[in-house]
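Here is the structure we will look at.
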2 protein chains.
Amino acid sequence: MVAYICNRMIANKSMRRDVFQAIADPTRRAILSLLAMNAMTPNAIAAHFDSSRQAISKHIQILAECQLVVQKQQGREINCHFNAEKMKEVDVWMEQFRKQWEDRYDQLDNLLNDQKDK
Amino acid sequence: MVAYICNRMIANKSMRRDVFQAIADPTRRAILSLLAMNAMTPNAIAAHFDSSRQAISKHIQILAECQLVVQKQQGREINCHFNAEKMKEVDVWMEQFRKQWEDRYDQLDNLLNDQKDK
DNA sequence: AATATACGCAACCATTTGATTGCGCAAATT
DNA sequence: AATTTGCGCAATCAAATGGTTGCGTATATT
């Protein structure tokens with residue numbers, strides 16, 4: 001019986017979320033895609049969706065909590081920009097699986113090559 | 001006003017979940033890590049956690065629904081194995097961001113910009 | 001044949017999630 | 001100075017999530 005990496009420890013409210021939780025929601029993924037192209041204010045982001053400004057604002061908050069998005073106050077506006085560095089965490093986690101699908105590619109390559117030879 | 005890729009459409013029950021939802025849960029991520037090493041039965045998987053067999057079984061079901069896990073009946077046992085191919089979907093999605101963190105590595109600009117922001 | 005094992009299904013429950021609405025405040029604009 | 005704009009906060013609500021317990025059934029084991 002092993003206690004795996006499934007700690008859900010909720011130290012304080014701002015640590016509640018992790019990156020995986022954050023990208024689970026399709027709206028949040030869309031927001032990230034937007035912000036990856038250029039930084040925007042919450043209002044500008046919300047304009048791309050049909051849900052309310054508040055709904056989007058909450059999503060941004062969640063993205064900010066896990067540092068996928070960084071907010072910078074500028075006068076009365078807030079500039080949200082994407083933090084690629086944080087997204088790397090997902091990439092790092094996926095590393096353990098990457099070999100497997102690369103292997104399958106190699107196998108496919110081999111198969112194709114074998115076919116060619118015949 | 002653009003309707004982004006945030007379709008949540010629930011056509012049938014088995015399409016309910018997507019890969020991102022599936023990997024949002026830490027227990028499910030742990031299950032995937034286990035299965036990536038070798039295929040196991042639900043009971044064997046459950047033995048690694050302290051939650052009940054049923055709880056784990058439900059997680060497996062979710063992983064199966066989005067095809068991250070494939071189940072194969074063998075007698076009274078079910079063999080669960082990891083489907084790396086499906087995990088690639090996450091990798092594909094991340095492709096749009098990957099360039100950014102690679103860029104940031106090259107430029108020590110990044111550090112300077114961060115300083116400026118403060 | 002009787003029992004044990006492996007597992008799914010259904011009902012139930014507490015908590016979390018995603019969304020809405022109403023309000024307030026500080027920075028811009030007039 | 002008065003108004004508009006940008007945005008966060010809090011309350012509220014339906015739906016989804018993660019978990020538990022009890023039960024049924026088919027395959028193994030004795």
Side-chain angles (χ1 to χ4, degrees), chain A residues 3-4 6-10 12-32 35 39-66 69-81, chain B residues 3-4 6-32 39-66 69-81:
Chain A
Y4 268 84
C6 19
N7 61 331
R8 202 178 280 272
M9 50 171 214
I10 305 164
N12 76 57
K13 260 199 158 189
S14 63
M15 275 195 60
R16 223 178 354 158
R17 323 268 183 169
D18 65 8
V19 185
F20 293 95
Q21 264 271 358
I23 64 171
D25 183 86
T27 303
R28 286 198 288 270
R29 286 201 299 281
I31 292 176
L32 289 173
L35 292 183
M40 303 172 80
T41 65
N43 264 341
I45 297 169
H48 288 81
F49 299 87
D50 11 319
S51 34
S52 70
R53 177 183 64 80
Q54 287 308 340
I56 300 300
S57 202
K58 268 180 157 190
H59 281 304
I60 296 172
Q61 209 181 302
I62 289 169
L63 292 170
E65 273 173 15
C66 74
V69 162
V70 178
Q71 293 168 297
K72 191 165 52 157
Q73 189 95 29
Q74 277 167 338
R76 73 177 159 181
E77 298 192 338
I78 290 175
N79 220 281
C80 303
H81 58 93
Chain B
Y4 268 86
C6 14
N7 61 333
R8 204 177 280 271
M9 51 172 213
I10 306 164
N12 77 56
K13 261 200 157 190
S14 62
M15 275 194 58
R16 221 178 355 157
R17 323 267 183 169
D18 65 7
V19 185
F20 293 95
Q21 263 271 359
I23 64 171
D25 184 89
T27 303
R28 286 198 287 271
R29 286 202 298 281
I31 292 175
L32 289 173
M40 303 171 81
T41 66
N43 264 341
I45 297 169
H48 287 81
F49 299 88
D50 10 322
S51 33
S52 71
R53 177 184 64 83
Q54 287 308 340
I56 299 300
S57 203
K58 269 182 156 190
H59 281 305
I60 295 172
Q61 209 180 302
I62 289 169
L63 292 170
E65 274 174 14
C66 73
V69 162
V70 179
Q71 294 168 296
K72 194 164 48 156
Q73 189 96 30
Q74 277 169 337
R76 74 178 159 181
E77 298 191 338
I78 289 177
N79 221 279
C80 303
H81 58 93

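Reminder, nothing fancy here: chain letters follow the sequence lines and each chain counts from 1.
In this structure, Asp25(B) does not pair ionically with Lys58(B), as no charged nitrogen and carboxylate oxygen lie closer than 4.0 Å.
A distance-only check finds a donor-acceptor pair linking the side chain of Arg28(B) to the backbone of Ala22(B) [under 3.5 Å]. Under a 3.5 Å cut-off, the side chain of Arg29(B) and the backbone N or O of Ala24(B) do form a donor-acceptor pair. Gln73(B) places a side-chain N or O within donor-acceptor distance of the main-chain N or O of Gly75(B), the cut-off being under 3.5 Å.
Under 4.0 angstrom from either OP1 or OP2 of dG8(C) there lies at least one side-chain N or O belonging to Ser57(B). When the side-chain nitrogen and oxygen atoms of His59(B) are compared with OP1 and OP2 of dT17(D), none of them lie within a distance under 4.0 Å. For dT5(D), neither phosphate oxygen OP1 nor OP2 lies less than 4.0 angstrom from any side-chain nitrogen or oxygen of Asn43(A). Here Arg17(B) does not reach the OP1 or OP2 of dA16(D): none of its side-chain N or O atoms lies under 4.0 Å away. A close approach under 4.0 Å does not occur between any side-chain nitrogen or oxygen of Thr41(B) and OP1 or OP2 of dA6(C).
Looking at residues two or more places apart in sequence or on another chain, you find a side chain to side chain contact (heavy atoms under 4.5 Å, CB included) between Ala64(B) and Gln71(B).
In this structure, Ile45(A) places its CD1 atom 12 Å from C1' of dC7(D), rounding to the nearest Å. Taking atom CG on Asp50(A) and atom C1' on dA19(C), their separation rounds to 13 Å, with Å as the unit. Distance NZ (Lys72(B)) to C1' (dA6(C)): 18 Å, rounded to an integer number of Å. Summarising the geometry, the separation between CG on Asp18(B) and P on dT17(D) is reported as 10 Å, rounded to the nearest angstrom. Ile31(A) places its CD1 atom 11 Å from the P atom of dG18(C), with the value rounded to the nearest Å. Atom P of nucleotide dG8(C) and atom CD of Gln71(B) are separated by 6 Å, given to the nearest angstrom. dG8(C) atom C1' lies 13 Å from atom CD of Glu65(B), rounded to whole Å.
Between dA19(C), dG18(C), dC7(C), one nucleotide has an atom nearer to the side chain of Asp25(A) than all others, and that is dG18(C). In the set dG8(C), dT21(C), dT20(D), the nucleotide with an atom closest to the side chain of Ser52(B) is dT20(D). The nucleotide whose nearest atom lies closest to any side-chain atom of Gln21(A) is, among dA19(C), dG8(C), dT17(C), dT17(C).
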Could I get a table of every N or O pair under 3.5 Å where one atom is in the protein and the other is in nucleotides 9-13 of chain D?
unit_1	atom_1	unit_2	atom_2	d
dC9(D)	N4	Gln54(A)	OE1	2.9
dC9(D)	N4	Gln54(A)	NE2	2.8

Enumerate the protein-to-nucleotides 27-30 of chain C contacts in which both atoms are nitrogen or oxygen and the separation is below 3.5 Å.
unit_1	atom_1	unit_2	atom_2	d
dA27(C)	O3'	Arg76(A)	N	3.1
dA27(C)	N3	Arg76(A)	NH1	3.3

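Note that CD of Gln21(A) and CD1 of Ile23(B) are 11.0 Å apart. Values are rounded to the nearest 0.5 Å. Atom CG in Leu63(A) sits 8.0 Å away from atom CG in Leu35(A) (nearest 0.5 Å).
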Quiz item: Under the side-chain contact (heavy atoms from CB on, under 4.5 Å) criterion, do His48(A) and Met40(A) qualify, and how do the steps go?
Solution: CA-CA 11 Å; His48(A) 288 81; Met40(A) 303 172 80; 3.2 Å; yes
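Taking 4.5 Å as the limit, every side-chain heavy atom of Cys80(A) sits out of range of all side-chain heavy atoms of Thr41(A). Between Asn79(A) and Val70(A) there is no side-chain heavy-atom pair separated by less than 4.5 Å.
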